[in-house]
Q: 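To start, I am sharing the structure in question, which I have written as structure tokens.
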Amino acid sequence: MPVTAIVGAQWGDEGKGKITDLLAEAADLVIRFGGGSNAGHTVINGLGEFKLHLLPSGIFNAAAISLLGTGMVVDFAALQRELDDLRRAGVSGSGLRISNRAQVVMPYHIVLDRLLDEARGEERVGTTQRGIGPAYADKVARLGIQTGDILFPDVVRRKLDLLLPETNRTLLRLGHPAIDPADIMRQAGEWRECFGTLLVDQVELVDRYLTEQRPIVLEGQLGAMRDIDWGEYPYVTSSTTIAGGGAVGGGVPPAAIDRVVGVVKAYTTAVGTGPMPTELHGVEADDLRTKGAEFGATTGRPRRVGWFDGPAACYARRLNGFTDMAVTKLDVLSGLESIPICVAYDVAGRASSDMPVTPLLRDAEPVFESVPGWEADISDIRSWFDLPSEARFYLSRLEELVGAKAGIVSVGPHRAQTILR
Ligand code: IMP
């Protein structure tokens, strides 16, 4: 059964958008299985350059269904803005569907995300302030509003009556005016009007495509180091970022997933707080950030940058079981005399390639080895064997450290700037 999961193997922003755009060309159904408008996927293809937040990167394949899956938290206002942008560029987005069991990011979640993260002071997570954490918190507290609820105004009203008194107490305590349920009901009416007909029963849809053996792509969000269970807790997002989440949030039986593509950037980036063992500072960081144009697609924040982190990517492979690996932005490393690679961590005087828990990771020292760099611009290369031998050696070291074959190598932002091996 042809189901491919595409997941991030680092701290997010690995280039999953480009890889999904590429693989979605041959897919009939593309499902985003987690997260919300905190995602920032940059896609450059024949239609232009796009920054996607909620929409699956398969939205450009007009023949495919692009589904916002049950594991997601959906901000309808953000979705409307994103669709408007696409339509202005001539992309109809007609394949869009929304699971009727996903959660709604409510306006108060967005306010709470900012206020609650600020209130953590030194311990802040540095969230994208898109309401993700509070929306998932309400979901597990059984106070969430499901997308399908918008078809039943009385259900929405009853849920608001249940949850708003406590939510408003928190808002008032944090210095924000209380939310008026009438205002939310009015917005819910607009969401029903715009999106009501796009709501679907995900299980029926997925089962039909599986039965017909039609190719499905599961698109992950963020990377393993920001996973709610396996990431560097608490500096994580509030959802599952690994392939197992493709089964849960994507509504696909686990045994049906037969390919897992782990996406790694040829170096490391992160936004938000928390440990990042290979992080660079000063001029070296500025150079890499500028060369790689490392500024957040959602928030515009300068990304933290560092060398490739072998233990982190290997940890992601262990969790996801990559059948193959996509290495992105290799071209950004051209022109360096030598390139450091982190092969292990020194944790309290002991070298290990395992991932320690957060308090130990904070003090972990990266153990580097250096490999020779290459001078040539590789952005026009389309075949593995045309790559400089040093670039092939660099990739083979990454393969050894991660334990997966680099089946896809990206040498530039455009869809065509890709080497398939
Ligand atoms: P949240 O997902 O907005 O709650 O943020 C939790 C953590 O994940 C913070 O460190 C964010 O910076 C990070 N994060 C969320 N979305 C992205 C993304 O698309 N790329 C990179 N980091 C992200």
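In listed order, ligands and their atoms are each counted from 1. Remember, it's a predicted structure, so these values are computed and weren't measured experimentally.
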Q: Output every pair passing salt bridge (Lys or Arg N to Asp or Glu O under 4.0 Å) with a member in residues 33-49, not counting sequence neighbours, ordered by first then second residue.
A: E49-K51
Q: Run the salt bridge (charged side-chain N to carboxylate O under 4.0 Å, His left out) test against D286 and tell me which residues pass, sequence neighbours left out.
A: R289
Q: List, pair by pair, the atoms of ligand 1 and of the protein that are both N or O and lie under 3.5 Å apart, giving the separation rounded to 0.1 Å.
A:
| unit_1 | atom_1 | unit_2 | atom_2 | d |
| --- | --- | --- | --- | --- |
| ligand 1 | 2 (O) | N38 | ND2 | 2.8 |
| ligand 1 | 2 (O) | T237 | OG1 | 2.6 |
| ligand 1 | 3 (O) | T128 | N | 2.8 |
| ligand 1 | 3 (O) | T128 | OG1 | 2.6 |
| ligand 1 | 10 (O) | V271 | O | 3.3 |
| ligand 1 | 12 (O) | G126 | O | 3.3 |
| ligand 1 | 12 (O) | V271 | O | 3.0 |
| ligand 1 | 12 (O) | R301 | NH2 | 3.1 |
| ligand 1 | 16 (N) | N38 | O | 3.3 |
| ligand 1 | 19 (O) | N38 | O | 3.1 |
| ligand 1 | 19 (O) | G40 | N | 3.4 |
| ligand 1 | 20 (N) | D13 | OD1 | 2.9 |
| ligand 1 | 20 (N) | D13 | OD2 | 3.1 |

Q: What ring-ring contact (aromatic ring centres under 6.0 Å, His included) pairs are there with at least one residue in residues 37-79, not counting sequence neighbours?
A: F50-F60, F76-W191, F76-F195
Q: Rounded to the nearest 0.5 Å, how far apart are OG of S66 and CG of L54?
A: 12.5 Å
Q: State whether K265 and D13 are salt-bridged, where the test is any N-O pair (Lys NZ or Arg NE/NH1/NH2 against Asp/Glu carboxylate O) under 4.0 Å.
A: no
Q: Between F322 and R317, is there a cation-pi geometry (under 6.0 Å to ring centre, at most 45° from the normal)?
A: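 Relative to the ring axis of F322, which defines the angle, R317 lies outside at least one limit.
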